Amino acid sequence: MLTGINKIGDLEWEVPIGYVPDMRVPGRFFLSRTLAETLEEGAVRQLANVATLPGIVKHSLAMPDIHWGYGFPIGGVAAFDMTEGVISPGGVGFDINCGVRLITTPLTEADLARRKRELIERLFDAVPTGVGAKSALRVSNKDLSAVMVDGARWAVERGLGTEADLVRCEGEGAMPGADPDAVSAKARQRGVPQLGTLGAGNHFLEVQVAKEIVDPEAAKTFGIAEGQVCFMVHCGSRGLGHQVATDHLRTLEGAVAKYGIRLPDRQLACAPLDSPEGRAYYGGMVCAANYAWANRQVIMHEARKVFAHLFGIDYDEMQLIYDVAHNVAKFERHDVDGVSTEVCVHRKGATRAFGPGAEGVPSEYAAIGQPVIIPGSMGTSSYLLHGTTAAMQKTWGSTCHGAGRVLSRSKAKKEVRGKELRERLAGEGIVVRAHSDTALAEEAPAVYKPSQEVVRVVHEAGLSHIVARLEPLGVIKG
DNA sequence: ATGTAC
């Protein structure tokens, strides 16, 4: 699996120039021997292919949850310079701004005890789930334009959250540069009825307990303590983001020839950052990213109401720790050979992990670094970490995003029985609520790389440091 | 991930 790849550190590997033709920079990825057993040769080739793109700076990177994706590998990170560089939907993913947020409650596991099943049922009723899920919100086309520009703020201004929530979102829950004109009527049509819906696949809303505090100082700063019940929301931009990606891929496939870009794989369709096509994709992508932040904000609001009603606690006692994007391209300033330089960082299945003092980290967290939230697969631990200076130096301030899939959905359906899985998890005290047992089978823990191993690698490689481990108590899924 | 296929 690692033929032609050089080991350059305990957990660090280099894909040399020449691994595929026309590489401009080497590839680098972070992986343990254990994870190397499931490394796909195709994903490494994709990492190398990304290194052929114009304007790529330093390295084509991948995190330990690397696996095969559309064009770029999932777990991939790549930065492009502002003059020669390109922007590529394949480097972001179809689910633009898929991401995670983590919220604390004042409850303990004992407080939930007999009402856990009821809580999960109420959450399942309050948050629409499933592929075609429709929202209870009535969003007009004009509202949608505002959502695409203002992101999470749109929801907060309508009473679906607090100002404090916004400070605790990456980029305060919105990115600049939204261009609603770069979002097609079809994308709008898909987005209007879906704001505040969870979706399907690996998306979830999970009730968890902070089982283990690894870094007490950081935990205190983030406001989380051992034994505390939390909940986590993992979802993205739904049909709107998917449509934005699909629409712009088509125009960018045309742009590749227009700008004379040679690609080893047409799935790497891209355009210069400073081109009409590249700017249009960026503007549309930002709209979808902002929609996703509003989406997670609305879902958190609905879940807070359920907790407040069921347990008689105050809305404000449920504090957002942070919200991270793990599928997005952003303009950021980073050190390039000792010079602070603006680059376009693509993170596809990778989480920003800015370290202490970095610009963009909320002031209350500045001494620690930003919170990094890594969801586990169903029934396995999730992790709260913090960003590091090493990540700033090695990976454009990036770390992993979770457990990569190792078994396809079709294989999972053949090998796992959803009903048995649900019963087994119930035996472990984990209440699962979904529309179908088939949907559960596709998301069985066995079809994912072990998240604790992925997290161990980023922790030991210094790309982010573990603050707390969270165990699932109950989960709602599509 | 996704009105799970143009």
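Protein chains get the first letters and strands the later ones, always in sequence-line order, with residue 1 at the start of each. Please read these numbers as outputs of a predicted model, since none were measured by experiment. Below, all heavy atoms of this structure are taken into account, side chains as well, without hydrogens, waters or symmetry copies.
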Problem - Euclidean distance, atom NZ of residue K186(A) to atom C1' of dC6(B) [Å, nearest integer] - result: 10 Å
Practice task
Look at all strands and tell whether A245(A) reaches a base, only sugar-phosphate, or nothing, counting heavy atoms closer than 4.0 Å.
Solution key: nothing
Practice task
Kindly state each residue pair satisfying salt bridge (Lys or Arg N to Asp or Glu O under 4.0 Å) with at least one member in residues 50-64 of chain A, sequence neighbours excluded.
Solution key: none
Problem - Test item: side-chain donor near acceptor, Q319(A) and R168(A), under 3.5 Å - result: yes
Handout entry: Nearest-Å distance for atom pair CG/C1', residues L249(A) and dC6(B)
Key = 16 Å
Practice task
Would you tell me whether T129(A) and H435(A) have side-chain atoms, one donor and one acceptor, within less than 3.5 Å of each other?
Solution key: yes
Handout entry: Spacing between F94(A) atom CZ and dA5(B) atom C1', to the nearest angstrom
Key = 13 Å
Completion exercise
Separation of dT2(B) atom C1' from L240(A) atom CG, nearest Å, is 12 Å
Exercise for the section: Just call it for G201(A): base, sugar-phosphate, or nothing, with non-hydrogen atoms closer than 4.0 Å on any strand. Expected result: sugar-phosphate
Exercise for the section: Return no unless some side-chain N or O of R238(A) is found under 4.0 Å from OP1 or OP2 of dT2(B). Expected result: yes
Problem - H248(A) NE2 to dT2(B) C1', straight-line distance once rounded to whole Å - result: 17 Å
Exercise for the section: Describe the nucleic acid contact of Q189(A) in one word from base, sugar-phosphate, nothing, applying a heavy-atom distance below 4.0 Å. Expected result: nothing
Problem - Nearest-angstrom distance from the residue atom CZ of R405(A) to P of dT2(B) - result: 13 Å
Exercise for the section: Calculate the interatomic distance between R409(A) atom CZ and dT4(B) atom P; express it in whole Å. Expected result: 13 Å
Problem - Sequence-distant partners of Y291(A), ring-ring contact (aromatic ring centres under 6.0 Å, His included), two or more places apart - result: none
Completion exercise
Atom OH of Y291(A) and atom P of dT2(B) are separated, to the nearest Å, by 11 Å
